[in-house]
Amino acid sequence: MTSSANDMLPPPSSAPWGGAGKALDGVRVLDFTHVQSGPTCTQLLAYMGADVIKIERPGVGDITRGQLRDVQGADSLYFTMLNGNKRSITIDSKNKKGLEILERLVKICDVLVENFAPGALDRMGLTWERVHQLNPRMIMASVKGFGPGPYEDCKVYENVAQCAGGAASTTGFLEGPPLVTGAQIGDSGTGLHLALGIVAALYQRNRTGRGQRVLAAMQDGVLNLCRVKLRDQQRLKHGPLTEYSQYGQGIPFGDATPRAGNDSGGGQPGWILKCKGWETDPNAYIYFITQAPVWNEICDVIGVPEWKTHPDYATPNARLPRLKQIFDRIEQWTMTKTKLEAMDILNKYDIPCGPILSMKELADERSLRETGTVVEVDHPKRGKYLTVGNPIKLSDSPCEVQRSPLLGEHTNEILSSVLGYSEGEISEIRASGAITAPEKPRPAAA
Ligand code: COA
């Protein structure tokens with residue numbers, strides 16, 4: 001009999017569900033991330049119980065603290081919504097004493113996560129070789145814009161990744177320019193990929209005892225999410241993509257996966273249709289899928305029962321060249337209903353559809369509050385704000401969302417209780433400038 005991971009496990013806990021700690025209890029993360037991609041990753045790890053220690057530059061912190069500020073004197077929502085459940089320590093990594101503290105942290109952490117521009121961490125002296133030498137168990141995880149290759153030295157933001165990863169060339173309408181999407185698939189998407197790499201590396205470390213490097217490149221992450229578009233690229237060699245509405249409209253295909261408007265990416269044609277109120281409400285629309293198994297029900301609901309048997313409409317293949325005309329007819333029906341009325345009626349017949357929900361509607365949606373996907377937290381400087389809790393629900397690892405830390409809020413606590421510095425040593429550190437912002441020169445006396 002071969003051994004399995006089961007052999008290493010303790011007996012099943014008899015603690016009540018949710019009473020056996022959190023999934024990542026005991027994992028300490030040195031969080032050197034900023035902006036969005038890295039912070040998304042470390043926030044997820046924190047939601048799952050890791051002790052995430054965010055390193056920030058004294059006096060400045062993560063640049064997003066001050067970006068898109070809506071409340072004077074308070075950290076922006078950009079920052080607060082990406083840095084919940086973390087602790088903040090300020091350390092100047094370019095100060096000698098600061099680097100010494102960082103190296104002490106490296107020795108006692110399990111994971112280092114960073115998303116600096118290529119080379120920045122090396123310039124601080126924290127190369128992989130140095131980190132591995134200080135702590136061979138350390139998992140060093142990075143988000144970069146590109147993997148090794150011609151663009152590896154480039155700085156990258158969300159929309160650059162969407163463009164370089166194939167999302168923009170396949171998003172938008174055929175006759176229009178490439179479009180970026182509102183979902184942050186380059187930043188938050190890559191943060192998610194990185195988080196998976198980290199937990200896999202933690203799991204492997206249980207066997208090997210050693211850490212490893214984890215790299216999630218934003219271009220790779222976006223391409224992974226655009227997998228079906230690379231599928232279509234290869235299908236093009238064998239003929240037109242019949243489920244794209246341009247096929248039905250007789251528009252020839254080029255040599256690359258085209259933009260598909262609101263066509264569904266799968267084998268069941270779909271489109272966004274107007275609902276009652278569309279003239280004034282920009283979100284009075286519904287996504288409607290003409291799923292083949294419920295075609296008869298669709299015909300009955302929209303009032304064309306004769307389409308159930310008509311040779312031009314009865315089968316999926318017969319419908320493909322007529323999708324525009326079919327959706328126009330369905331829209332005549334959806335325009336007589338609000339999106340939620342249409343959803344209610346269609347769901348009774350198992351017809352797949354989705355109302356276009358605005359951010360306002362999502363913020364107010366009771367069920368999302370009840371599941372902890374949308375959470376209200378209180379912040380000492382800005383008051384109450386909404387954030388997105390853990391979208392991944394673990395039945396034995398409940399998530400309690402906490403507010404983001406103030407800049408350097410936990411500096412003393414981490415220096416003393418995590419790193420064991422004495423009061424005297426902390427005073428010396430403070431005097432060295434390693435954890436404090438340089439004082440602004442006083443204006444000269446008149
Ligand atoms: N103490 C001292 N210096 C610090 C510091 C600290 N605690 N934290 C950061 N710095 C320094 C870095 O060492 C670096 O200095 P250097 O270039 O002189 O060596 C500097 O701050 C800026 O880092 P950088 O990452 O270059 O920031 P940027 O604002 O110029 O670029 C990005 C921002 C996002 C474009 C870039 O970080 C990047 O491409 N990251 C990888 C891809 C990525 O994650 N993009 C998505 C972001 S949402």
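Nothing here was measured: the structure is a model prediction, and the numbers come from that model.
Between Q268 and T290, the shortest heavy-atom contact is OE1-O, 4.0 Å. What you find for S264 and Y287 is that their closest heavy atoms are N-OH, 3.1 Å. Contact record, T127 with M140: C-CE, 4.3 Å, taken as the closest heavy-atom pair. Nearest heavy-atom pair across G147 and L215 is CA-CD2, 4.4 Å. When every heavy atom of L368 is checked against every heavy atom of T371, the shortest pair comes out as O-OG1, 3.2 Å. In plain terms, the two heavy atoms of I272 and E331 that are nearest each other are O-OE2, 4.4 Å.
A salt bridge is defined here as a Lys NZ or Arg NE, NH1 or NH2 lying under 4.0 Å from an Asp or Glu carboxylate O, and R259 with E175 fails to meet this definition. Here K144 pairs with E114 in a salt bridge; the nearest charged N to carboxylate O distance falls below 4.0 Å. Checked for salt-bridge contact, R87 and D31 miss the test: no charged N lies under 4.0 Å from a carboxylate O. Between E400 and K22, at least one side-chain N (NZ, or NE/NH1/NH2) sits under 4.0 Å from a carboxylate O, which counts as a salt bridge. Looking at R104 and E100, no side-chain N of the basic residue comes within less than 4.0 Å of a carboxylate O on the acidic one, giving no salt bridge. Between R403 and E409 there is a salt bridge, since a side-chain N of the basic residue sits under 4.0 Å from a carboxylate O of the acidic one. Remark: R28 does not engage D110 in a salt bridge, criterion side-chain N to carboxylate O under 4.0 Å.
Using a 3.5 Å distance cut-off with no hydrogens or angles, the side chains of T90 and E56 do not pair a donor with an acceptor. A donor-acceptor contact under 3.5 angstrom links the side chains of D263 and S245, judged on distance only. In summary, the side chains of Q36 and S188 do present a donor paired with an acceptor at a separation below 3.5 Å, with no hydrogens or angles considered. A donor-acceptor pair shorter than 3.5 Å cannot be found between the side chains of S404 and K86. Side-chain polar atoms of Y157 and D187 form no donor-acceptor pair below 3.5 angstrom. If you check the side chains of E425 and S422, you find a donor sitting under 3.5 Å from an acceptor. A side-chain donor-acceptor contact under 3.5 Å links S37 and N115.
Side chains of C163 and V222 form no contact here, defined as non-hydrogen atoms less than 4.5 Å apart. In this structure the side chain of L44 reaches within 4.5 angstrom of the side chain of L192, judged on heavy atoms. A heavy-atom distance below 4.5 Å is found between the side chains of N95 and S432. In this structure the side chain of L419 reaches within 4.5 angstrom of the side chain of L105, judged on heavy atoms. Side-chain contact between F32 and L126: present, with at least one pair of heavy atoms (C-beta onward) separated by less than 4.5 Å. Between P258 and Q246 the shortest side-chain heavy-atom distance falls below 4.5 Å. A heavy-atom distance below 4.5 Å is not found between the side chains of I289 and W271. Contact of the N85 side chain with the Q43 side chain is not registered, since no non-hydrogen atoms from C-beta on lie closer than 4.5 Å.
Rounding to the nearest 0.5 Å gives a distance of 6.5 Å between CG of D62 and OG1 of T33. Of the inter-residue distances, the one linking Q234 atom CD with T257 atom OG1 reads 9.0 Å to the nearest 0.5 angstrom. Taking CE of M359 as the reference point, atom CD of E365 lies at 12.5 Å (rounded to 0.5 Å). Between the CG atom in L241 and the CD atom in Q233 there is a gap of 9.0 Å [rounded to 0.5 Å]. Annotation: the span from T190 atom OG1 to E158 atom CD amounts to 7.5 Å, rounded to 0.5 Å. One finds the CZ atom of R123 at 10.5 Å from the OG atom of S93 (value rounded to the nearest 0.5 Å).
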Practice problem: Starting from the C-alpha separation in whole Å, work towards a yes-or-no answer on side-chain contact (heavy atoms from CB on, under 4.5 Å) for W333 and I345. | Solution: CA-CA 11 Å; W333 178 80; I345 296 168; 3.9 Å; yes
Practice problem: Mind running side-chain hydrogen bond (donor to acceptor under 3.5 Å, both in side chains) on R210 and N135 for me, showing each step along the way? | Solution: CA-CA 9 Å; R210 68 180 181 204; N135 178 0; over 6 Å; no
Exercise. Go through L30 and I53 one step at a time and tell me if the side-chain contact (heavy atoms from CB on, under 4.5 Å) criterion holds.
Key: CA-CA 5 Å; L30 196 163; I53 299 174; 5.9 Å; no
Exercise. Test side-chain contact (heavy atoms from CB on, under 4.5 Å) on H379 and D75 and set out the steps.
Key: CA-CA 9 Å; H379 187 276; D75 290 328; 4.1 Å; yes
Practice problem: Step by step, work out the side-chain contact (heavy atoms from CB on, under 4.5 Å) result for L394 and M48. | Solution: CA-CA 9 Å; L394 279 74; M48 294 191 183; 4.0 Å; yes
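Within 6.0 Å of the OH atom in Y421, the count of heavy atoms belonging to other residues, nucleotides or ligands exceeds 12. The 12-atom threshold is exceeded at CG of L230, counting heavy atoms of other residues, nucleotides or ligands nearer than 6.0 Å. For E279, the CD atom counts as densely surrounded, since its 6.0 Å shell holds more than 12 non-hydrogen atoms of other residues, nucleotides or ligands. Few gaps surround CD on E129; more than 12 heavy atoms of other groups in view lie less than 6.0 Å from it. Environment of NZ in K324: sparse, with no more than 12 heavy atoms of neighbouring residues, nucleotides or ligands closer than 6.0 Å. In the displayed structure, R231 atom CZ is contacted under 6.0 Å by more than 12 heavy atoms of other residues, nucleotides or ligands. For R137, the CZ atom sits in a loose shell: 12 or fewer heavy atoms of surrounding residues, nucleotides or ligands are nearer than 6.0 Å.
In this structure, the side chain of S427 engages the main chain of E423 through a donor-acceptor pair within 3.5 Å. Without hydrogens or angle criteria, R65 side chain to V60 main chain gives no donor-acceptor distance under 3.5 Å.
H132 meets the ring pair (Phe, Tyr, Trp, His ring centres under 6.0 Å) test with W128; sequence neighbours excluded. Residues passing the salt bridge (charged side-chain N to carboxylate O under 4.0 Å, His left out) test with R207, sequence neighbours excluded: none.
Ring geometry for F288 against F327 counts as perpendicular: the plane angle is over 60°, on a 0 to 90° scale with 30° as the lower cut.
For residues 332-350, the pairs satisfying salt bridge (charged side-chain N to carboxylate O under 4.0 Å, His left out) are K339-E361, with sequence neighbours left out.
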